[in-house]
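The structure appears right after this line, and notes come after that.
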Amino acid sequence: MTAEMVVPAWMYTQISAEQYDSWSEEQCAGIEIGDGMVAVSPMPSKRHNRLARILANALDVAAGPDWNADTDFDVRLQGVPLTNRRPDVIVYRAETIDLTPTRPEHVLLVVEVVSPGSGTTDRIVKVDQYAKAGIPFYWRVEQAPTGVPIVYTYVLDPATKAYRDGEMFTGAIKTAAPFSVTVDLGAV
């Protein structure tokens with residue numbers, strides 16, 4: 001069996017924004033585009049999905065009526081070459097819910113829950129991409145061996161377009177910028 005038989009041909013070429021926008025929702029599910037190239041994400045674990053859902057629900061309540069928090073939501077970071085990311089959790093302006101694609105200027109916070117196959121991308125690549133796009137806050141959630149997740153927060157320095165370290169939380173998040181949130185992550 002050859003690679004051509006297993007992997008679709010479009011995964012070997014750069015994808016334009018127009019091509020991506022013409023695809024169905026089903027075709028776009030589970031993929032991200034980085035520098036025009038398709039990256040297929042492995043199926044996240046149930047623990048990963050549960051943690052993302054718990055965080056999204058807590059952030060949605062804390063955000064109030066002006067902001068929404070969701071999972072499985074595309075953000076168009078750049079048009080050429082196309083960079084389209086799908087953070088595990090996103091907090092965005094409520095009035096932009098029907099705008100497609102969502103742009104960085106509509107986003108307040110992105111959260112990535114690190115999985116075994118996404119460590120380098122979530123710790124290095126996405127941090128840089130989200131910062132350059134101007135997204136004010138980035139949280140990275142590590143699933144520690146103890147079972148209690150660790151949340152690393154980052155705040156954008158607009159002058160340098162780089163994130164600086166914010167607070168780190170384990171177990172329960174009591175207060176976290178930009179919202180006041182109480183989430184018990186120890187039960188995840």
Side-chain angles (χ1 to χ4, degrees), residues 6-7 11 20 23-35 37-63 67-77 83-92 97 101-102 104 107-131 133 135-155 163 165-179 181-188:
V6 176
V7 180
M11 289 187 70
Y20 184 79
W23 293 352
S24 70
E25 223 175 283
E26 292 79 31
Q27 287 173 295
C28 297
I31 68 168
E32 293 181 314
I33 311 290
D35 293 327
M37 301 304 290
V38 174
V40 177
S41 302
M43 189 69 156
S45 69
K46 290 178 184 178
R47 182 175 301 277
H48 177 281
N49 288 340
R50 178 171 167 69
L51 181 54
R53 186 173 38 82
I54 288 169
L55 283 169
N57 291 343
L59 288 166
D60 201 44
V61 169
W67 298 92
N68 291 338
D70 278 308
T71 58
D72 200 28
F73 208 89
D74 282 340
V75 180
R76 176 78 41 90
L77 299 179
T83 299
N84 208 68
R85 291 295 183 186
R86 191 176 282 249
D88 294 313
V89 179
I90 181 172
V91 177
Y92 61 95
I97 192 168
T102 299
V107 177
L108 179 66
L109 165 70
V110 291
V111 179
E112 293 290 353
V113 178
V114 179
S115 295
S118 71
T120 301
T121 303
D122 291 343
R123 291 182 193 112
I124 299 169
V125 177
K126 289 182 180 180
V127 175
D128 185 53
Q129 289 175 342
Y130 292 144
I135 296 173
F137 299 94
Y138 175 69
W139 291 1
R140 187 183 83 238
V141 181
E142 299 274 347
Q143 297 186 46
T146 61
V148 178
I150 302 168
V151 181
Y152 299 89
T153 67
Y154 302 90
V155 179
Y163 287 115
D165 291 345
E167 298 180 56
M168 183 182 80
F169 303 94
T170 59
I173 299 175
K174 300 221 184 315
T175 306
F179 307 113
V181 179
T182 301
V183 182
D184 181 7
L185 299 175
V188 175

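You'll find the side chain of Tyr130 stays beyond 4.5 Å of the side chain of Val107, heavy atoms only. Proximity of Tyr163 to Asp128: side-chain heavy atoms (C-beta onward) are nowhere separated by under 4.5 Å. The closest side-chain heavy-atom distance from Val113 to Val141 is below 4.5 Å. Within the 4.5 Å cutoff, the side chain of Glu142 has heavy atoms near those of the Arg123 side chain. Between Val91 and Trp139 there is no side-chain heavy-atom pair separated by less than 4.5 Å. For the pair Tyr92/Leu108, no side-chain contact is recorded, criterion being any heavy-atom separation below 4.5 Å from C-beta on.
A donor-acceptor distance shorter than 3.5 angstrom exists from the side chain of Thr83 to the backbone of Asp35, with no hydrogens or angles considered. Panel note: side chain Asp122, backbone Glu112; no donor-acceptor pair is recorded below 3.5 Å.
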Applying side chain to side chain contact (heavy atoms under 4.5 Å, CB included) to Phe137 and Thr153, what does each step give before you reach the verdict?
CA-CA 7 Å; Phe137 299 94; Thr153 67; over 6 Å; no

Are Trp23 and Ile31 close enough, and set up right, to give a side chain to side chain contact (heavy atoms under 4.5 Å, CB included), and what steps lead you there?
CA-CA 12 Å; Trp23 293 352; Ile31 68 168; 3.7 Å; yes

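To the nearest 0.5 Å, atom CG of residue Asn84 and atom CD of residue Gln129 are 10.5 Å apart. Atoms CG and CG, from Asn49 and Asp72 in turn, are 9.0 Å apart once rounded to the nearest 0.5 Å. Here the CG-CG distance, from Asp60 to Asp70, works out to 6.5 Å after rounding to the nearest 0.5 Å. Here Thr71 contributes atom OG1 and Arg53 contributes atom CZ; the two are 9.0 Å apart, rounded to the nearest 0.5 Å. To the nearest 0.5 Å, atoms CG (Asp74) and CZ (Arg85) are separated by 11.0 Å. Atom CG of residue Leu109 and atom CG of residue Leu59 lie 6.0 Å apart, to the nearest 0.5 angstrom.
Counting all heavy atoms, side chain and backbone alike, Ala56 lies closest to Ala69 at O-CB, 3.4 Å. For the pair Ser45 and His48, the tightest heavy-atom approach, listed with the atom from each and the gap, is OG-N, 3.0 Å. Pro104 and Ala133 get closest at one heavy-atom pair: CB-O, 3.3 Å.
Of the options Val89, Val151, Leu51, Ile90, a side-chain contact (heavy atoms from CB on, under 4.5 Å) to Val111 is made by Val89 and by none of the others.
A salt bridge does not link Glu32 to Arg86: none of the charged nitrogens lies less than 4.0 Å from a carboxylate oxygen.
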